[in-house]
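One structure is given below, encoded as structure tokens.
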Amino acid sequence: MKKHNFSAGPSILWPQVLEEAAKAVLNFADSGLSILEISHRSTHFIEIMEEARALALELLGLQNKGYSAVFLHGGASLGFVMVPYNLMRKNGRAAYLETGTWASGAIKEAKNFGETIIAASSQESNFNYVPKNYDIPADVDYFHCTSNNTIYGTQMKSFPDIEIPLVCDMSSDIFSRELDFSKFDLIYAGAQKNIGPAGTTLVILKNDILGKTGRTIPGILDYRQHVERESMYNTPSVFAIYTSLLTLRKLKAMGGIAAIE
Ligand SMILES: *Cc1c(COP(=O)(O)O)cnc(C)c1O
């Protein structure tokens, strides 16, 4: 009998998703090859990637709104590094909301790139609440928050209205509740909580926030390169992305985020 899995991640996948993913490991779409063996440049896989990227935007209500979706390596933890690398200007600064272990991890990495302002923190009470009524300086390069604090079980119910880019780590609640996702300029989420297996990270970003830092960014860490190369900068995690697509298809068939919420 299948056991219950209450872990935040890697977490439970729909049985039909597991079955289809298992089939694809043996013989993908009657191609005579495993999904683990086909080229990521094959028509088969390019179609998977295109559908997964489009469906992620569609489910969030962000298609045709100047956003791109890419599936990267490195988990949300690499997002902690890529966000300041791509968005914090040379000698710039950014503001962070410190609401838990993962937020603290993001702050720690941002400090390597420039001044990192803690707009508010609940650390003194072991992160048992999400601060409200804090000020965000108008001249920072972006504001970073964590929508759901996986370890502490606290969740942001509202997000600030600001003119600067709003960046959010949504690893453990993306696709689980309706939000106005167009409020956000960059969303990232490790797949293993709410989307699929570990090994890929969904990044949704507004194209016009990139290229403003004056930094030289290594190609593999440059969001622009990933967008330009349609999420094929290097060999993607084909299995994790295919299985994530199966979850997204199932979510759409169920009626999307409104239905699952
Ligand atoms: C699990 C988790 C992370 C870390 O994700 P990795 O993909 O393992 O790097 C970061 N942020 C949040 C909110 C998480 O729940």
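Predicted model only: the values in this text are computed from it and were never measured. Numbering starts at 1 and runs along the sequence shown. Atoms within a ligand are numbered from 1 in the order they appear, just like the ligands themselves.
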What does the N/O contact table under 3.5 Å look like for ligand 1?
residue  : atom   : partner : partner atom : Å
ligand 1 : 7 (O)  : Ala76   : N            : 2.9
ligand 1 : 7 (O)  : Gln192  : NE2          : 2.9
ligand 1 : 8 (O)  : Gln192  : NE2          : 3.3
ligand 1 : 9 (O)  : Ala76   : N            : 3.2
ligand 1 : 9 (O)  : Ser77   : N            : 2.8
ligand 1 : 9 (O)  : Ser77   : OG           : 2.6
ligand 1 : 11 (N) : Asp169  : OD2          : 2.6
ligand 1 : 15 (O) : Thr150  : OG1          : 2.4
ligand 1 : 15 (O) : Lys193  : NZ           : 2.6

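Checked against the 6.0 Å centroid threshold, Tyr85 and Tyr223 do not count as a close aromatic pair.
Counting heavy-atom neighbours within 6.0 Å of Asn91 CG, excluding the residue itself, gives a total of 12 or less. In the displayed structure, Lys108 atom NZ is contacted under 6.0 Å by at most 12 heavy atoms of other residues, nucleotides or ligands.
The closest donor-acceptor contact from the side chain of Ser31 to the backbone of Leu33 lies under 3.5 Å.
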Is there a ring-ring contact (aromatic ring centres under 6.0 Å, His included) between Phe239 and Phe28 once you walk through the steps? CA-CA 11 Å; Phe239 181 73; Phe28 174 64; over 10 Å; no
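Note that the CG atom of Leu202 and the CG atom of Leu57 stand 8.0 Å from one another [nearest 0.5 Å].
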